[in-house]
Amino acid sequence: MDKEIRKIGVLTSGGDAPGMNAAIRAVVRKSIVNGLEVVGIERGFLGLLNEEIFEMNKRSVSDIIQQGGTILGTARCHEFREEEVQEQAAQICRKHGIDGIVVIGGDGSYRGAQALARHGINTIGIPGTIDLDIACTDYTIGFDTAINTAMQAIDKVRDTSSSHERCSIIEVMGRGAGYIALWCGMANGAEDILIPETYDYDEQRIVDNIINNRKHGKKHHIIINAEGIGHSTSMARRIEAATGIETRATILGYMQRGGSPSCKDRFYASIMGAYAADIISQGKSNRVVAYKNGEFCDFDIEEALAMTKKIPDYQYEVALELSR
Ligand code: F6P
């Protein structure tokens, strides 16, 4: 028989993402509707180990749906990979009467959730990362806000790039994945989009492209470079030397992770949070909530972590074709 769930905890882990607060709000309120007690755990798995645990009620999550970041705080907790640390965390849960935990974060956070489930604490993951790099889901909380933030910043760089007739290399986040670069590359009409999934390190091709575009009257040349390739500043130096065209690098950095979440992030986070609250109260464990082929669903964490996904070739080719 499934374990009876009376009290659950909620935590955010890994890099923060806009919309995490909407997910926390949904987990808390829907769990209370389902008759559970809820505690918040601060600073992710690190906070769990330090017993930074506090009771939450419906009012604890008032006025947060529009806020960026995470009210619970977050951390990366490397020691959580150790077996004895995981057992210690499970003991702490038992001590506080916590039967299950909803973990909002990325792949790394799912591994922590999986470990806790192995040690007898029910866990459900919710995909929270701006990178969109979780294979089991077509949507991750924070991606929409991040691409809109980056897109607006890139528009601004483009203005000054055109005025000065410069080439601009703009580096966007995404860890090892090129989703933010692809979406901004398309939305900003970038002349080149460099993503780790396809980049061949052929800088001569980029140089030829810039020279050719200049001959055809283009005033600027925007290159979106994914963080997974990086080295934008040295790339800019080499491109300027090879083309004779002033080239500047802009690294957008952490601003992409901040700001008030978009409507889409608030909506998806709310459904995913409620869904997680529902399945954890039914006694499910070691599952992650996902959005796949137009539906909200859940997968076993093992299965989810074994999945792979690819940048769609067609989308990438079209983004480049439309900017030529
Ligand atoms: O996963 C989100 C993300 O912003 C990545 O795009 C980036 O590689 C990473 O987090 C940066 O992490 P940190 O906050 O630890 O520097």
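We count ligands from 1, going down the list as the structure has it; atoms in each ligand are counted the same way.
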Query raised in the report: Do Met272 and Ile141 have side-chain heavy atoms sitting under 4.5 Å apart?
Result: yes
**Report entry** Nearest neighbour of atom 11 (C) of ligand 1 from the list Arg175, Arg257, Gln256, on a heavy-atom basis
**Finding:** Arg257
Query raised in the report: Do Arg59 and Ser62 meet the criterion of a side-chain donor-acceptor pair at a distance under 3.5 Å?
Result: yes
**Report entry** Partner set under side chain to side chain contact (heavy atoms under 4.5 Å, CB included) for Ile211, not counting sequence neighbours
**Finding:** Val207, Lys215, Thr243
Query raised in the report: Between Tyr179 and Lys309, is there a cation-pi geometry (under 6.0 Å to ring centre, at most 45° from the normal)?
Result: yes
Report summary line: If you scan protein heavy atoms around atom 16 (O) of ligand 1, the nearest is Tyr254 OH, 2.4 Å
Requested in this report: Given side chain to side chain donor-acceptor pair (under 3.5 Å), test Asp16 with Thr70 step by step and report yes or no.
Outcome: CA-CA 6 Å; Asp16 64 347; Thr70 157; over 6 Å; no
Report summary line: Honestly, for Arg76 the part within reach of ligand 1 (heavy atoms, under 4.0 Å) is side chain
Query raised in the report: Does ligand 1 have an atom that lies less than 4.0 angstrom from a heavy atom of Gly174?
Result: yes
Report task. Would you mind listing which atoms of ligand 1 come within a distance below 4.0 Å of any non-hydrogen atom of Glu227? Result -> 5 (C), 6 (O), 7 (C), 8 (O)
Report summary line: If you scan protein heavy atoms around atom 1 (O) of ligand 1, the nearest is Asp131 OD2, 2.7 Å
Query raised in the report: Would you say the side chain of Glu42 lies within less than 4.5 Å of the side chain of Asn50, judging by non-hydrogen atoms?
Result: no
Requested in this report: Identify, by atom number and element, the atoms of ligand 1 in contact range of Thr129, meaning under 4.0 Å from any of its heavy atoms.
Outcome: 1 (O)
